[in-house]
Amino acid sequence: MASAPRHVFQVLTKRSERLQECAPRLPWPGNIWNLDGIHWVIVGGESGPCARPMKREWVEEILRQCRGQNVPFFFKQWGGVRKDLTGRLLHGRTYDEMPPLPSLQPPELQLQFA
């Protein structure tokens, strides 16, 4: 990721505790979204033969919290054994919100244009 500064990366994990443990020892260039605050929430149910169910009230509560904090909400899928049957509609619509992309200009260029 550090060798591709023209791209913006986000780190998604189900093991955030482990990432927080390792993060201080890793380089975090400006093109990798860092761990400070929550700037985007992506919600999606598990899929496949051993998928566990996801309750509607869980998703609605996360959406409510995102709205209260002005955080973009992206709903990926309901999931399930046959995710093609469950889809990704919530309240009759899709939620494809994304945060604004950070500036990729190196700091020295940002100063020249300020």
Side-chain angles (χ1 to χ4, degrees):
M1 291 184 276
S3 65
R6 68 180 181 277
H7 298 292
V8 176
F9 295 91
Q10 64 178 332
V11 178
L12 301 176
T13 180
K14 292 179 181 171
R15 299 186 63 208
S16 60
E17 300 84 18
R18 177 71 177 131
L19 181 59
Q20 286 180 328
E21 186 181 299
C22 296
R25 299 187 306 269
L26 300 172
W28 292 95
N31 64 325
I32 299 174
W33 287 351
N34 296 313
L35 299 173
D36 56 335
I38 296 176
H39 305 289
W40 189 21
V41 172
I42 302 171
V43 176
E46 294 178 335
S47 60
C50 298
R52 296 172 288 183
M54 181 168 60
K55 294 185 178 182
R56 176 175 292 274
E57 53 266 24
W58 297 344
V59 180
E60 290 173 339
E61 176 60 17
I62 294 170
L63 173 60
R64 186 190 67 73
Q65 290 181 42
C66 286
R67 292 296 182 254
Q69 297 296 316
N70 199 29
V71 171
F73 176 82
F74 188 103
F75 185 59
K76 185 176 180 231
Q77 66 185 23
W78 283 106
V81 176
R82 295 276 318 269
K83 71 177 183 177
D84 57 321
L85 299 178
T86 57
R88 57 185 301 253
L89 293 179
L90 174 63
H91 305 135
R93 61 166 279 204
T94 58
Y95 289 83
D96 295 325
E97 300 165 5
M98 297 181 74
L101 290 175
S103 171
L104 295 180
Q105 293 181 338
E108 61 273 9
L109 291 179
Q110 290 177 8
L111 293 176
Q112 290 176 5
F113 296 107

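Fair warning: this is a prediction, and the values are worked out from it, not measured in the lab.
- E57 meets the salt bridge (charged side-chain N to carboxylate O under 4.0 Å, His left out) test with no other residue; sequence neighbours excluded.
- Residue Q69 qualifies as open at atom CD: its count of foreign heavy atoms under 6.0 Å is 12 or below.
- Between the CD atom in Q10 and the NE2 atom in H39 there is a gap of 12.0 Å [rounded to 0.5 Å].
- Considering only heavy atoms from C-beta on, V41 stays 4.5 Å or farther from Y95 through its side chain.
- Using a 4.5 Å heavy-atom cutoff, the side chains of L90 and F73 are in contact.
- The shortest distance between side-chain heavy atoms of H91 and L63 falls below 4.5 Å.
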| said: What verdict does the salt bridge (Lys or Arg N to Asp or Glu O under 4.0 Å) test give for R15 and E21, after you've listed the backbone C-alpha separation in whole Å, the side-chain angles of each residue and the deciding distance to 0.1 Å? | reply: CA-CA 10 Å; R15 299 186 63 208; E21 186 181 299; over 6 Å; no

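- The shortest heavy-atom contact between C66 and P72 is SG-O, 4.5 Å.
- Minimum interatomic distance between A2 and P5 (heavy atoms only, all atoms of both residues): O-CD, 3.9 Å.
- F9 is listed as a side-chain neighbour of N31, based on a closest heavy-atom distance under 4.5 Å.
- Residues V81 and M54 do not share a hydrophobic cluster, clusters being chains of Ile/Leu/Val/Met/Phe/Trp/Tyr side chains in contact below 4.5 Å.
- Among residue pairs with one or both ends in residues 74-83, those qualifying as side chain to side chain donor-acceptor pair (under 3.5 Å) are R82-D84; sequence neighbours excluded.
- A salt bridge links E97 to R67: at least one charged side-chain nitrogen sits closer than 4.0 Å to a carboxylate oxygen.
- L89 and I62 end up in different hydrophobic clusters when Ile, Leu, Val, Met, Phe, Trp and Tyr side chains are linked at under 4.5 Å.
- Atom CZ of R52 has 12 or fewer neighbouring heavy atoms from other residues, nucleotides or ligands inside a 6.0 Å radius.
- The main-chain N or O of T94 is never found under 3.5 Å from a side-chain atom of R88 such that the two would form a donor-acceptor pair.
- D96 is listed as a side-chain neighbour of F74, based on a closest heavy-atom distance under 4.5 Å.
- Listed by first and then second residue, the ring-ring contact (aromatic ring centres under 6.0 Å, His included) pairs involving residues 45-69 amount to none (not counting sequence neighbours).
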